Amino acid sequence: MNRHLLRAEDTEFVGLLRACSRAKDLRAGVRLHAELLKEGIPEISFLVQDALVQMYVKCGAVLKAYELLVGLRVKNTTSWNNVIAAFIGCGQCPEALDCFDQLKRQGVPANSVTFSCALKACARIRAVSKGEQIHDEIAIQGLLGCSIILGAALVDMYAKCGSLIMAEQVLKSLPNRNVITWTALVSGFALHGHGHDALRCFELMLHEGLSPDAVTFVGVLKACGNIKAAAKGERFHDEIIRKGLLRGNNVLLAALIDMYVKCGCLMKAWDILEENPDSDVFCWTSLIEGYVEQGLSEEALECFKLMKQKGVSPTTVTFASVLKACGSIGAVESGEQIHEEISRQGLLLDDFVLGSALVDMYVKCGALLKAKKARDQLPVHDLVSWTTLIAGYAQQGQNQEALNCFKQMEHFDVSPNEVTFTCILNACSHSGLVEEGEMYFTLMYTNYGIKPVLEHYACMVDLYGRAGLFNLAISFVSKIPFDDYMAVWRSVLKACEKRKDVTIGRWAFEHALQIHNGDAALYDLMSNIYRSAGMQENMESIEAVRAESKSWEKMVSF
DNA sequence: TCACGGAATC
């Protein structure tokens with residue numbers, strides 16, 4: 001068994017292969033590999049084997065490395081680890097996990113490196129059950145006591161998958177943890193929108209005497225954005241500056257700008273972006289998104305222009321944001337320009353999300369023909385693009401078209417979801433198609449298994465209300481299997497705001513008031529409806545009524 | 001060979 005012997009030519013090969021890895025010279029590496037095979041050595045030593053696999057990995061030929069490894073009669077842990085890590089590195093996580101399974105089937109022992117790689121793959125693709133299974137194996141082998149890295153990978157896996165209670169439990173049970181372990185947990189809470197928990201864990205970390213690094217700050221800034229804690233975010237900002245962490249760290253810079261944007265402090269975000277030469281497309285997109293969010297679409301488009309002037313190239317996310325801006329101010333010409341830019345770059349070929357954003361832009365501009373044309377040109381007609389089109393027809397009052405579209409969609413075997421039904425019920429309501437509406441409402445559950453939610457009930461109330469069937473509307477509400485009837489009325493009112501419908505709005509408002517006098521949100525909603533319809537005076541009178549009811553409430557409470 | 005980080009569509 002000469003593979004266990006280290007021969008002179010082995011050392012030489014290893015040296016040469018390592019040189020190829022360093023130089024990323026695949027051709028030279030392949031030549032060496034061929035030479036090795038020509039020598040007719042029946043079994044190459046582990047040392048040469050590892051060097052070969054690593055050469056292919058380092059030269060970016062992951063598949064080649066994998067094939068080589070599979071073809072070897074005897075495999076070792078390190079070679080597998082290399083290939084698994086390489087698959088993860090190029091985003092092929094299912095392949096990485098498949099390698100992990102193969103390694104176990106072949107009886108090659110997994111070590112802590114193998115496990116942390118496998119956990120990382122699970123985290124990336126949110127494969128929590130596979131992760132749990134790996135957790136069990138690790139526990140059986142008692143590996144958590146010896147590797148702090150493995151502990152962090154485990155916490156991270158649970159956190160990314162959204163099993164946050166488990167993530168925290170695991171963290172607390174670890175014999176060793178450091179700032180990275182804690183950051184995995186903090187970031188997980190922030191990632192899933194639990195800003196308060198993220199900050200709570202951050203405090204716990206400080207309590208253990210650990211000090212945050214740049215990555216920790218990214219997590220807590222995201223948490224502040226989640227809960228709109230601008231003051232707290234500002235304190236983190238100061239600390240980041242004091243520690244000099246911002247220099248050369250684009251990710252942290254973008255997180256900082258995004259925090260201010262999410263808190264609504266657009267000026268502050270703008271100032272930071274402006275004064276920082278490192279501002280990249282993430283920073284710009286965040287700000288543009290912020291403008292769109294606040295209804296400042298003109299500013300968003302200005303910002304987009306400026307960004308391009310500065311030589312920063314937009315991504316699909318940037319394009320989706322500016323399309324939204326065009327839609328909300330009906331800027332169809334700008335939208336068309338952007339459409340052209342997107343097409344030129346071939347971005348519509350593999351990004352369905354962007355395609356739907358484009359259709360939605362035309363829909364919101366009221367350009368239904370253009371919307372339909374843009375949609376027809378998309379490579380795949382997925383659920384979202386169908387639904388966008390249906391929503392478009394419904395919004396423009398072309399309700400028969402909307403219903404036709406639904407039938408076509410079924411014809412093409414695309415299954416509707418709950419959003420599709422909201423649009424359909426909306427279209428029925430607009431056309432006064434009471435019976436059709438009732439039919440679709442039933443169909444939704446019986447044919448498609450979709451349980452009606454708040455929006456659907458609200459659509460039905462709206463449908464009856466618009467048809468003048470007020471008694472039916474009210475008895476419908478009383479039958480809704482919800483604790484919170486008010487939520488349905490609020491939803492009806494929100495819909496009225498969207499389409500500037502004062503009549504139904506007023507009716508719903510008065511009814512809801514009768515049921516629950518003290519709900520302050522109702523006044524806001526009614527006032528918003530008046531605002532959307534441009535009825536300033538009525539808006540003020542609603543504010544006045546609310547003020548009165550407030551003082552009345554005060555009296556009662558004394 | 002291994003652990004924590006950035007924007008988003010109805």
Side-chain angles (χ1 to χ4, degrees), chain A residues 50 53-54 57-58 76-86 88-89 111-121 123 147-157 159-160 177-188 190-191 205 212-222 225 245 249-259 261-262 280-290 292-293 314-321 323-324 327 351-361 363-364 382-392 416-420 422-423 455:
Chain A
D50 286 346
V53 169
Q54 191 159 20
V57 162
K58 283 273 151 61
N76 69 353
T77 308
T78 310
S79 290
W80 272 121
N81 289 352
N82 265 313
V83 170
I84 292 172
I88 297 170
N111 61 21
S112 71
V113 179
T114 325
F115 284 122
S116 38
C117 287
L119 286 170
K120 186 179 186 158
S147 169
I148 197 165
I149 293 178
L150 189 54
L154 188 61
V155 171
D156 185 54
M157 184 279 295
K160 284 230 172 64
R177 50 181 175 251
N178 59 13
V179 59
I180 295 177
T181 327
W182 276 107
T183 303
L185 185 64
V186 169
S187 310
L191 177 70
M205 182 190 93
D213 65 11
V215 184
T216 322
F217 280 115
V218 172
V220 288
L221 286 172
K222 195 184 177 82
L245 292 172
N249 191 335
N250 278 18
V251 178
L252 187 55
L253 178 64
L256 187 63
I257 290 175
D258 192 53
M259 180 276 292
V261 166
K262 292 270 157 55
D280 62 8
V281 65
F282 284 92
C283 302
W284 283 96
T285 307
S286 241
L287 191 63
I288 290 172
E289 181 60 33
V292 177
E293 191 65 30
T315 65
T316 55
V317 179
T318 326
F319 281 126
S321 286
L323 284 173
K324 200 170 168 189
D351 195 310
F352 305 162
V353 171
L354 191 58
S356 296
L358 186 67
V359 177
D360 190 52
M361 180 276 293
V363 160
K364 295 268 160 57
D382 70 337
L383 169 69
V384 180
S385 72
W386 276 109
T387 303
T388 309
L389 204 57
I390 292 172
N417 69 1
E418 62 282 355
V419 181
T420 321
T422 310
C423 300
E455 282 79 13

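What you see is a predicted model; the values in this text were computed from it and never measured. Reminder, nothing fancy here: chain letters follow the sequence lines and each chain counts from 1.
- Shown here are the side chain to side chain donor-acceptor pair (under 3.5 Å) partners of A/Thr387, two or more places apart in sequence or in another chain: A/Thr420.
- Within 4.0 Å of A/Lys58, counting heavy atoms only, lie sugar-phosphate atoms of the nucleic acid but no base atom.
- Among the atoms of the strands shown, none is found under 4.0 Å from any heavy atom of A/Asn111.
- Residues satisfying the side chain to side chain donor-acceptor pair (under 3.5 Å) criterion with A/Ser116, sequence neighbours excluded, are absent altogether.
- Bounding nucleotides for the chain A contact on DNA chain B, 5' to 3', at a heavy-atom distance below 4.0 Å, are B/dT1 to B/dC10.
- The salt bridge (charged side-chain N to carboxylate O under 4.0 Å, His left out) search around A/Lys222 returns none, not counting sequence neighbours.
- The residue A/Asp50 sits apart from the nucleic acid: no heavy atom pair falls under 4.0 Å.
- A/Thr216 pairs by the side chain to side chain donor-acceptor pair (under 3.5 Å) definition with A/Thr183, A/Asp213, not counting sequence neighbours.
- Looking at residues two or more places apart in sequence or on another chain, you find a side chain to side chain donor-acceptor pair (under 3.5 Å) between A/Asp156 and A/Lys160.
- A side-chain donor-acceptor contact under 3.5 Å links A/Thr114 and A/Asn81.
- Counting non-hydrogen atoms under 4.0 angstrom, A/Thr315 reaches a base of the nucleic acid.
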